[in-house]
Amino acid sequence: VQAAAAGEAMASHGGGSSAGEAVGEARPSPPETSDHRAPKWRGVNFGGWLLLEPGPSKQLFSRFLGPGDQEMRCEWELMQMLREADALQALQAHRESYITLRDFQRVQAMGLNSVRIPFGYWVVCGPMATVASNCLDPYEGPALDYLDRAVSWAEQCGLQVLLDLHACPGGESAEAPCGRRQRPATNWHWRHWLFDATLGVLRTVAARYRDRRVVTGIAVCNEPSPEVPQEVLCRFYDCAVTEIRKAGMKSDCVTVVLPVFQRCLRGFAQAWEQHTGGRHANICFEVHWYHCFENEWHGLTFAQHLRAVQEHTRDLQQYPVVVGEWSLALGHGAQPGKLSKDDMRTIFAHAQLAAYQEASHGWFFWTWNDQHSIDWDWQHGFEEGYFPMSSGLLRRLPELPPCSSDDPLEDMFDLPASDPRVHLGDTVYFRAFHGRYFDVEDSRVRARFGDRGRWQQFVLCPYDDPEMVVSATHSDYSLRHGDVVCLLAHSGSFLGVDGTHVSADVQQVDDHCAFIIHVEGSSEVRHRSAIFLQSLATSKVLAPNESDIHSKDEVVARWGDFGLWQRVVVEKPLSTLVTPRRPRRRLSFPGGGGSVPTSLRRRGSLESGGGSGGGAPRRRSSLEGTPRARRRRSSTGASPATPGSGVRTHEQATCSGRAHDMRRSSSFSSLAAEDAPATSCQRQQRRCGSQPRLVRDSPADLGAGAESSCEPPIATPSKRRRASVGSRNMAEPRTPVRRRASVSQSH
């Protein structure tokens with residue numbers, strides 16, 4: 001079989017056969033009626049062992065650096081470096097020591113029943129020549145004795161094994177998990193994937209382990225690119241299942257796992273059923289649900305991540321599925337509010353474990369050992385108490401009220417503003433579609449960080465009104481759809497638009513620093529409202545320059561669209577983070593001099609609430625797939641002082657959200673102490689005890705007590721920012737308002 005696979009790899013331009021030849025129609029086989037399965041998988045991945053990746057294999061990657069002391073990004077690059085340095089013994093040492101019998105024993109002791117073992121095709125048959133080159137791939141193999149050891153160790157420990165062909169000949173994508181990361185990604189084409197050679201590898205594995213009862217699953221590939229046509233992928237999967245069964249892995253013993261990656265699960269399941277007619281028994285689809293990659297996930301709040309987990313539960317109840325990879329990592333938009341990062345991680349783990357119990361074939365956490373972060377390391381997370389293996393998991397979340405845009409989870413996990421309405425003079429943050437906030441450094445306006453600090457603060461200032469006095473009562477005037485405002489940065493300058501360029505260096509207010517607020521789905525601007533900021537001077541909408549890889553962090557005014565890229569969420573400061581500074585009079589602003597403005601202008605009539613006149617702005621989505629961006633935190637500090645003599649003094653009261661035990665908040669007031677997730681302090685106390693605690697109690701119903709009153713948080717100093725609560729003068733005069741006509745709010 002190995003010789004046949006190698007021969008196929010060398011055929012047709014150095015390795016590729018045509019799509020029709022490579023994945024021919026499967027030969028007819030009698031329907032398999034038996035669908036007996038072993039217990040659901042409840043396990044962990046041994047990533048980074050027999051296929052190297054920078055996260056789990058970081059120790060090896062950090063030892064051998066490339067030009068400019070840069071770490072390699074995939075096994076292909078690392079193997080080239082090892083061969084040049086004549087250091088293949090380092091790979092041998094890694095394979096010998098990274099996973100041992102002791103690891104299998106620990107997996108079993110932690111209450112898990114299975115392991116998923118990713119491996120590259122070269123472990124089975126050695127490196128091949130592919131379409132990309134006429135020489136052999138730089139991988140080292142074969143190395144089947146390591147798979148043999150793993151299966152034997154699993155037998156000793158009573159664990160099930162899912163053998164995962166994680167990297168196929170030619171590569172199933174252009175990404176590092178398939179062994180080689182290719183950039184630009186267009187260097188790889190789906191026709192480079194050697195389907196026939198892949199079938200040869202699967203036949204070898206199936207024949208070798210068909211009589212090993214602990215091998216209860218085999219995955220035919222990993223994360224195939226969405227560029228592979230759906231019909232081609234279904235045809236390959238059909239052939240793979242047929243060949244595996246013919247090699248001796250019967251449906252009453254082994255599940256064949258078919259990955260569905262970056263595709264609609266429902267759509268693919270329907271296509272598979274149409275292609276096969278249901279003739280294959282004991283197959284399941286595999287999904288990888290990560291909440292930290294791509295802008296779609298980065299733009300979600302913590303509550304929205306939990307809602308996404310709820311949606312996953314519904315998918316799991318409809319189709320045969322294994323959740324092959326998941327982690328505790330969250331996107332940039334999931335920031336601590338009432339809960340600390342530690343407590344958020346606990347709740348997120350509970351929610352996922354509870355949801356993935358619905359999977360017909362179970363789940364595998366990624367990964368067993370990872371030096372990048374605890375969010376990816378099962379051993380570390382288990383020791384910290386994040387993974388309860390008892391039945392007392394988080395049972396349900398409060399339902400989203402019908403016909404309502406206000407999710408009760410948002411207030412349960414985030415500290416609400418004292419007044420949800422957004423007023424003139426409020427300090428606010430603008431969260432872009434990818435979860436990062438607008439920030440100002442010097443005069444540059446960018447969207448780089450996922451945290452809310454001093455650089456991310458903007459004061460909403462009136463435009464053109466000498467009599468405008470911003471009230472401190474928060475009850476005089478709230479912003480609405482069509483209002484025109486200026487944005488004062490922490491530096492004391494206003495944001496201004498010059499062509500498409502946006503900068504924070506404007507001292508004299510004019511049309512170039514005025515922005516029309518368009519509210520999505522409402523007429524009033526509130527905390528967490530989705531809005532668009534349209535330049536009064538150019539009619540273009542502010543957004544990160546995501547389409548330009550060299551300056552994608554820059555905020556620009558390039559588009560007239562009201563789409564996903566231009567959508568921002570306005571957030572008021574949490575009481576523990578910032579002291580809102582409220583400007584008093586336009587005459588006191590920088591560069592204001594003695595000029596006499598006219599009025600605050602609103603785009604829309606007063607009678608219609610700003611929403612009845614004119615046509616709605618044209619909306620079209622301009623969001624496209626974008627590469628991941630590295631997160632780093634911004635500078636934080638005291639709140640910026642708004643220039644001018646009219647700034648009011650606020651009472652200061654510092655407190656720390658991290659020191660606030662989640663059971664003290666209204667969201668968890670009814671949780672029994674013994675059922676609530678352990679806080680970091682409790683976990684530290686347990687680690688100091690005489691016996692390590694492997695199984696931790698878990699929370700009961702998260703939704704209970706949502707109506708309860710909220711006990712104030714413990715007041716402690718914050719290392720990053722000083723918290724404050726502003727006192728308000730109820731005697732301040734009302735704000736005169738005059739609205740500007742002709743722009744509709746019917747978004």
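Excluded from the calculations below are hydrogen atoms, water molecules and symmetry mates; all remaining heavy atoms, backbone and side chain alike, are included.
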Decide yes or no on side chain to side chain contact (heavy atoms under 4.5 Å, CB included) for W193 and C178, but give the supporting numbers first.
CA-CA 11 Å; W193 183 357; C178 76; over 6 Å; no
Run the numbers on V123 and W49 for side chain to side chain contact (heavy atoms under 4.5 Å, CB included), then give the verdict.
CA-CA 11 Å; V123 171; W49 182 28; over 6 Å; no
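No donor-acceptor pair closer than 3.5 Å links the side chain of T255 to the backbone N or O of G217. S57 places no side-chain N or O within donor-acceptor distance of the main-chain N or O of P54, the cut-off being under 3.5 Å. In this structure a side-chain-to-backbone donor-acceptor pair under 3.5 Å is missing from R95 to Y146. A donor-acceptor pair is defined here as one N or O able to donate and one able to accept, closer than 3.5 Å; no such pair exists between the side chain of W326 and the backbone of Q352. Looking at E53, its side chain never comes within 3.5 Å of a backbone N or O of P177 through a donor-acceptor pair. Although no hydrogens or angles enter the test, the distance criterion places a donor-acceptor pair under 3.5 Å between the side chain of T204 and the main chain of G200. Formation of a donor-acceptor pair under 3.5 Å by the N282 side chain with backbone atoms of D252 is not found in this model. No donor-acceptor distance shorter than 3.5 angstrom exists from the side chain of T216 to the backbone of A38, with no hydrogens or angles considered. Although no hydrogens or angles enter the test, the distance criterion places a donor-acceptor pair under 3.5 Å between the side chain of N187 and the main chain of R183.
The pair E71-R63 does not count as a salt bridge, with every side-chain nitrogen at least 4.0 angstrom from each carboxylate oxygen. Electrostatic pairing of E286 and R116 counts as a salt bridge here, judged by a charged N lying under 4.0 Å from a carboxylate O. By the 4.0 Å N-to-carboxylate-O rule, E155 lies close enough to R212 to be salt-bridged with it. Contact check on E358 versus K40 returns no salt bridge, with no Lys/Arg side-chain nitrogen under 4.0 Å from an Asp/Glu carboxylate oxygen. The pair R208-D148 meets the salt-bridge criterion, with a side-chain N (NZ, NE, NH1 or NH2) lying under 4.0 Å from an Asp/Glu carboxylate O. Under a 4.0 Å N-O distance rule, the pair R106/E383 qualifies as a salt bridge.
Side-chain contact check for D103 and W368: at least one donor-acceptor pair (N or O, by modelled atom type) lies under 3.5 Å. Side chains of D370 and H380: no donor on one and acceptor on the other come within 3.5 Å. W190 and S225 form no side-chain donor-acceptor contact under 3.5 Å, judged by distance and modelled atom types alone. A side-chain donor from one of D343 and S340 sits under 3.5 Å from a side-chain acceptor of the other.
The shortest distance between side-chain heavy atoms of N369 and P56 does not fall below 4.5 Å. Under the 4.5 Å side-chain criterion, counting only non-hydrogen atoms from C-beta, E223 is not in contact with E172. The shortest side-chain heavy-atom distance between L353 and H350 does not fall under the 4.5 Å cut-off. Side-chain contact between C234 and F268 is present, with heavy atoms from C-beta onward closer than 4.5 Å. Side-chain contact between Y121 and T198: absent, with no pair of heavy atoms (C-beta onward) separated by less than 4.5 Å. The shortest distance between side-chain heavy atoms of S114 and L162 does not fall below 4.5 Å.
Note that the CG atom of L147 and the OG atom of S152 stand 10.5 Å from one another [nearest 0.5 Å]. Atoms CZ and CG, on F64 and L78 in that order, are 7.5 Å from each other to the nearest 0.5 Å.
Aromatic pair F104/F46: ring centres closer than 6.0 Å. The distance between the ring centers of F365 and W363 does not fall below 6.0 angstrom. Centroid-to-centroid, the aromatic rings of H298 and H434 stay 6.0 Å apart or farther.
Exactly one residue among Y290, F348, W378 makes a side chain to side chain contact (heavy atoms under 4.5 Å, CB included) with S327. That residue is Y290.
Counting non-hydrogen atoms of neighbouring residues, nucleotides and ligands closer than 6.0 angstrom, the CD atom of Q59 reaches no more than 12 such neighbours.
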